Chemist: 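So that we are looking at the same thing, I have put the structure below in structure tokens.
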Amino acid sequence: MIICNNGDDVLEFEALEDEDVEEDEGLPLQGERTRAGGAVTGRGVEVEWQVPAAVSAFGDLLEETSGVDTNVCYQCRKCVSGCPVAYAMDYTPVQLLHAVRLGLKDLVLGSATIWLCASCETCVTRCPQNVDIVKAMDSLRVMALRSGVKSAVPEVAGFYRSSLQNIRLFGRMYELGLIAQLKLSTRQFAKDLDLGAQMMKKGKLKLLPEFASLGAARRVVSRASKLEGK
Amino acid sequence: MKYAYYPGCSLHSTGKEYDASLRAVCLRLGIELVEVKGWVCCGSAAAHAASRRLAVALPLKNLAQVERQGLEEVLVPCAACFSRFKFAWHEIEGQPELRREMEDVVEHHFGDGLRILHPLEVMARDEHLAQLASLKGPSLAGLRVVCYYGCLLTRPPEVTHFDDAEYPQSMDRLLSALGASVLDWGYRTDCCGASFSLTRTDIVRKLSHDILEGAREVGAEAIATACPLCQLNLDSRQREIEAEYGTRYNLPIYYFTQLMGLALGVPSRELMLGRHFVDARRAPEKVVMP
């Protein structure tokens with residue numbers, strides 16, 4: 001029994017055990033589990049309440065793969081106000097988290113938001129509920145790439161793919177190779193040509209890749225991939 | 001003092017000036033850098049979007065090499081690499097099972113003494129600040145500069161354990177000790193658009209514009225950075241930004257190590273000031289000779 005004295009009102013909270021909730025069929029449960037529940041008595045009215053947790057299988061899946069529990073988000077929008085890229089997203093980070101909770105898998109994996117997150121860690125640092133949104137975004141990108149969903153921002157998805165291929169091929173980044181690959185995949189051949197030429201002139205792009213650690217990198221990539229079951 | 005040194009891919013290409021100036025500064029401060037043998041890419045922006053385990057394994061591969069070379073402290077100057085290294089270490093520290101798995105992958109058993117440091121963290125230590133302040137060399141007294149830390153150096157604090165996430169001060173203290181007029185401003189940890197440079201350049205232009213504008217508002221003549229991506233975005237895209245927003249900034253973007261080098265009397269050629277897009281040869285003129 002928890003008693004809250006809030007000015008004139010005395011509220012009595014009676015914590016329910018998990019078993020109580022599961023046994024009580026009269027509760028309007030949407031999911032299988034409840035995380036918290038209780039009964040409130042005040043001014044002669046008794047209200048039973050619970051917070052349904054993990055209402056969607058998709059939310060569960062995200063929690064399994066990333067360790068991020070989207071159910072603790074209480075939508076304060078602090079992540080949105082600090083997000084430097086929110087202006088360009090189709091769904092703000094808080095909307096995306098809510099969509100995960102609602103199980104809207106196609107909407108989430110097809111969103112531009114997961115590709116436009118710059119991983120700047122501002123939201124994570126400021127979230128009062130410690131929801132690691134960047135980690136969630138990472139997992140959602142992995143899911144999207146693996147399930148073959150068409151990316152809403154194909155050039156960014158292409159950048160991730162090309163970068164990884166670059167690491168696999170050379171062990172270290174070979175920027176010219178990466179740029180060439182990006183141009184082939186996005187077919188934007190004229191983009192940044194001028195800038196690229198200036199960078200070459202200033203010696204900011206190496207002409208040839210370094211192969212110093214190729215074997216070691218390949219080994220790590222293949223061993224890690226094996227663990228991920230692909 | 002001796003540290004393992006992980007330059008990362010950028011410092012071998014777009015950020016060569018960072019590598020050169022850091023080495024020059026360390027040499028003069030008596031800090032020995034031992035480059036990690038056969039280092040591999042840390043996975044940077046890509047690995048964490050492809051596989052959680054790969055994103056941890058690639059930095060750990062390099063950290064294993066640090067320990068094999070008999071060293072325990074590694075300097076990681078690129079803010080993105082620094083972040084990946086810190087994350088990887090944080091993940092295995094909190095998850096013994098993942099640690100065992102990863103030790104298998106990189107074929108190395110980690111000790112407990114390993115420390116991942118950003119050069120800024122080392123240089124801004126009290127003993128170095130005192131050493132720098134007591135130098136009778138040139139001073140940066142004529143230079144009005146803002147310190148730009150970017151996103152990943154301090155965030156999130158429980159992973160990076162470095163400076164203050166909202167209001168970092170280490171670079172400010174460092175450049176102040178060298179005599180520079182360090183200005184206060186509101187964009188020290190804002191994002192420049194990071195790796196969207198090649199793909200969503202529109203986002204990089206918008207975010208970098210805001211930062212440049214913030215610097216101009218307080219009357220800065222230069223921006224000091226500690227990340228090769230930030231430097232590149234603010235420097236190489238500055239002319240495009242000026243064209244898009246119909247304004248003129250002409251703000252040179254220095255690596256903090258280049259400014260340190262000037263104050264330590266390193267010739268500007270050695271600091272590669274000529275490689276910047278926005279003319280960076282102005283800072284040497286501001287340096288007050290003793």
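The structure presented is a predicted model; accordingly, all values stated were derived computationally and were not measured. Lettering of chains follows the sequences in order, A, B, ..., and the numbering in each one begins at 1.
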Chemist: Side chain, backbone, both or neither: which part of L140(A) has a non-hydrogen atom closer than 4.5 Å to chain B?
Modeler: neither

Chemist: Is there a donor-acceptor contact under 3.5 Å from the side chain of K16(B) to the main chain of K204(A)?
Modeler: no

Chemist: Quick check on S197(B) against chain A: is it the side chain, the backbone, both or neither that has a heavy atom closer than 4.5 Å?
Modeler: backbone

Chemist: Under a plain distance cut-off of 3.5 Å, with no hydrogens placed, do R52(B) and S139(A) share a side-chain donor-acceptor pair?
Modeler: no

Chemist: So what's closer than 4.5 Å to chain B heavy atoms on A88(A): side chain, backbone, both or neither?
Modeler: side chain

Chemist: What is the minimum heavy-atom distance between V40(B) and A216(A), and which atoms define it?
Modeler: CG1-CB, 4.1 Å

Chemist: Could you tell me which portion of V134(A) (side chain, backbone, both or neither) has an atom closer than 4.5 angstrom to a non-hydrogen atom of chain B?
Modeler: neither

Chemist: Taking heavy atoms only and a threshold strictly under 4.5 Å, list by residue number the residues of residues 77-87 of chain A that touch chain B; give 'none' if the list is empty.
Modeler: P84(A), V85(A), Y87(A)

Chemist: At a heavy-atom separation under 4.5 Å, does F277(B) approach chain A through its side chain, its backbone, both, or neither?
Modeler: both

Chemist: Contact between T199(B) and K191(A) at the side-chain level, heavy atoms closer than 4.5 Å - yes or no?
Modeler: no

Chemist: Checking heavy atoms, do the side chain of Q188(A), its backbone, both or neither come under 4.5 Å from chain B?
Modeler: neither

Chemist: For residues C41(B) and R172(A), report the shortest heavy-atom separation together with the two atoms involved.
Modeler: CB-CA, 3.9 Å

Chemist: If you look at every heavy atom in C9(B) and E175(A), which pair is closest and at what distance?
Modeler: O-OE2, 4.0 Å

Chemist: Under 4.5 Å, counting heavy-atom pairs only, tell me which of D192(A), V221(A), T65(A) racks up the most with chain B.
Modeler: D192(A)

